[in-house]
Amino acid sequence: MAQKPSIPKGTRDFSPAEVTKRDYIFDTVKRQFEIFGFQPIETPSFENFETLMGKYGDEGDRLIFKILKSGDFISKVDDVTYSSKKSNSLMPKISDKALRYDLTVPFARYVVMHQNEIDFPFKRYQIQPVWRADRPQKGRFREFYQCDADVVGSDSLLQEVELIKLYDAVFTDLKLEGVKIKLNNRKILAGIAEVIGVKHLLVDFTVALDKLDKIGEEGVRKEMLEKGISEQSIEKLTPLFHLTGGSLVQLESLKLLLEGSEEGLKGVEELIFVVQTIQKLGLKSASLAIDVTLARGLNYYTGAIFEVSAPEGVAMGSIGGGGRYDDLTGIFGMKNTSGVGISFGLDRIYLVLEELALFPEDIKESIQVLCVNFGDRESMAALQLVSQLREKGVKADLYPSSAKMQKQMKYAHNRNVPYVILIGAQELEEGSFVVKDMKQGNQKSYSLQAPEEFLKTL
RNA sequence: GUGGUUGUAGCUCAGCUGGUUAGAGCGCUGGUUUGUGGUACCAGAAGUCGCCGGUUCGAACCCGGUCUUCCACCCCA
């Protein structure tokens with residue numbers, strides 16, 4: 001009985017055409033990473049259980065894929081734990097490894113373990129798959145690639161500026177115009193919470209504020225009330241909902257609002273520096289804007305927060321994000337190491353490029369030349385020509401069997417092969433080969449002695 | 001994790017209130033065309049109706065479970 005093949009929920013196969021397009025994005029991103037001075041590292045696909053657990057909050061722990069221990073692990077669990085049926089206490093007894101959930105925590109682990117061999121500031125990039133036991137939706141998978149660039153060991157605000165320039169450079173190379181880079185600062189959020197007297201509810205406060213563009217001002221007020229924030233406090237936020245003008249104007253208004261909060265004002269100063277510096281340097285295709293409601297990934301960010309959204313008109317969540325974390329390596333015992341990083345959502349960028357038809361035409365070609373197979377004698381000559389072309393770096397192939405001409409032509413057509421070479425009995429006698437241009441439809445004859453004449457036209 | 005949604009030929013989908021042999025378009029194979037693809041015409045192959053169970057004389061259709069898809073929440077790339 002044949003088994004019906006299937007793949008797990010939230011995972012995908014990639015066809016040759018898809019891999020080619022994904023590689024185009026990977027290569028573009030990698031090139032810019034290296035141009036900006038980042039170095040690649042890789043870490044294992046699974047880590048020790050304790051390395052990952054507790055780093056992403058309760059919600060994150062739930063989404064981590066755990067790997068079962070080997071051997072007869074159940075028999076080693078004591079009866080009390082076993083009969084308690086509590087997943088939390090049972091988990092460490094049956095699992096001691098887990099699949100990588102993101103690239104940031106493994107990177108922190110890497111930095112701490114290799115601190116003696118690293119020259120700081122350390123700029124690294126990493127492009128590897130990560131796994132989350134999430135419920136899949138469009139653009140959300142259980143296995144997907146993350147693509148991170150981080151700098152550790154420098155608290156200079158120039159790094160924030162550099163990372164914004166890096167975003168711009170990558171999206172410019174990908175011909176993706178109109179990307180919006182949104183910028184905020186955790187210190188501003190903390191400052192606002194302080195000023196309105198809800199410092200202890202910072203997370204609830206920011207989570208609610210983050211939803212402004214989704215549920216509107218009324219929705220945010222309602223959610224804040226439900227989370228236990230008083231009406232008077234919420235009332236003080238009113239100017240926040242109506243910030244207008246350019247980034248610098250908004251930051252000036254924020255200064256007034258944050259009077260009395262040292263931390264908040266520091267956050268504003270930081271953003272003013274970043275915005276002004278970017279204005280001096282200029283951006284090619286992306287735009288930068290302050291968004292005080294931005295509050296993603298609050299777990300470890302301490303300074304700047306970035307989020308990148310697709311150009312207007314494309315229904316897609318964020319296609320990148322990042323921020324500064326002053327104490328990421330602290331959890332592994334290495335203090336006072338500031339880091340800042342950004343991430344590209346490759347799978348989503350792929351979907352956006354696809355929707356806007358921005359993949360270059362020429363990456364669709366699998367091979368440049370296909371030789372038609374006319375039989376044993378003819379194909380020997382064809383194979384020799386194919387070898388010569390390959391030595392010149394031309395992607396060339398010979399159809400493996402002398403199938404019907406129609407079938408071979410159709411194969412070439414379906415695979416988008418731009419040139420088909422014909423060497424039949426007649427050509428063999430004349431010592432020539434015919435090249436058919438599949439786009440134009442015309443064909444031309446060349447001498448087998450001088451294939452470089454054909455090479456010139458490629 | 002909560003609530004909802006989807007699943008019929010390789011692909012996109014039709015199939016009326018349960019009723020005999022389950023349909024279309026595209027694709028595929030062959031032919032018109034034995035040295036020429038994309039167009040046209042002709043013919044053909046291909047489906048355990050996601051899976052398991054139940055109701056019924058009878059289920060693609062109704063009911064339960066399960067897997068999958070997509071959506072909202074949660075969270076996030």
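Proteins get letters first, then strands, A, B, ... in listed order; numbering begins at 1 in each. Model, not experiment: these values are computed from the prediction.
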>> What is the distance, to the nearest angstrom, from the CD atom on A:Gln137 to the C1' atom on B:G4?
In response: 12 Å

> Would one find a side-chain N or O of A:Lys211 under 4.0 angstrom from OP1 or OP2 of B:C74?
Replying inline: yes

> Considering only heavy atoms, which members of residues 24-41 of chain A lie under 4.0 Å from some atom of RNA chain B?
Replying inline: none

> In whole Å, what is the span from the CE atom of A:Met405 to the P atom of B:G35?
Replying inline: 7 Å

> What residues, two or more places apart in sequence or in another chain, satisfy ring-ring contact (aromatic ring centres under 6.0 Å, His included) together with A:Tyr350?
Replying inline: A:Phe359

>> Could you tell me how far apart A:Arg135 (CZ) and B:A72 (P) are, to the nearest whole angstrom?
In response: 13 Å

>> What is the distance, to the nearest angstrom, from the CG atom on A:Leu63 to the P atom on B:C73?
In response: 16 Å

> Which residues, if any, of residues 411-422 of chain A bring a heavy atom under 4.0 Å of RNA chain B?
Replying inline: A:His413, A:Asn414, A:Leu422

> Under a cut-off of 3.5 Å for both distances of each Watson-Crick or G-U pair, what dot-bracket string does RNA chain B give, using [ ] for crossing pairs and | for inter-strand pairs?
Replying inline: ((((..(..((((.....[...)))).(((((.......))))).....(((((..]....))))))..))))....

> B:C74 C1' sits how many Å from A:Ile64 CD1, rounded?
Replying inline: 16 Å

>> Output the rounded distance in Å from OH (A:Tyr145) to P (B:A77).
In response: 18 Å

>> On the side chain of A:Gln443, is there an atom forming a donor-acceptor pair with the base of B:U36 - under 3.5 Å, no angle test?
In response: yes

>> What's A:Gln408 touching, base or sugar-phosphate or nothing? Going by heavy atoms closer than 4.0 Å.
In response: nothing

> By centroid distance (under 5.5 Å) and plane angle (under 30°), are A:Phe144 and B:A77 in a stacked arrangement?
Replying inline: yes

Anything under 3.5 Å between a protein N or O and an N or O of nucleotides 30-32 of chain B, put it in a table, one pair a line.
unit_1	atom_1	unit_2	atom_2	d
B:G31	OP1	A:Lys404	NZ	2.3
B:G31	OP2	A:Lys404	NZ	2.8

> Which pair of heavy atoms, one from A:Pro106 and one from A:Glu47, lies closest together, and at what distance?
Replying inline: CB-OE2, 3.4 Å

> Under 3.5 Å, is there a donor-acceptor pair between the side chain of A:Asp347 and the main chain of A:Phe144?
Replying inline: no

Table please: side-chain donor-acceptor pairs of residues 437-451 of chain A below 3.5 Å, with sequence neighbours left out.
unit_1	atom_1	unit_2	atom_2	d
A:Asp437	OD1	A:Lys439	N	2.9
A:Asp437	OD1	A:Gln440	N	3.1
A:Ser447	OG	A:Gln449	N	3.0

> Would A:Phe65 and A:Phe46 count as a close aromatic pair, with their ring centres under 6.0 Å?
Replying inline: no

>> Given the ring of A:Phe49, does A:Lys97 sit roughly above its face, with NZ or CZ under 6.0 Å from the centre of the six-membered ring and within 45° of the axis?
In response: no

> In whole angstroms, how far is the C1' atom of B:G1 from the CD atom of A:Glu59?
Replying inline: 7 Å

> A:Tyr301 vs A:Tyr325 aromatic rings, parallel, tilted or perpendicular, using cut-offs 30° and 60°?
Replying inline: parallel

> Taking NZ from A:Lys9 and P from B:C70, how many angstroms apart are they, rounded to a whole number?
Replying inline: 11 Å

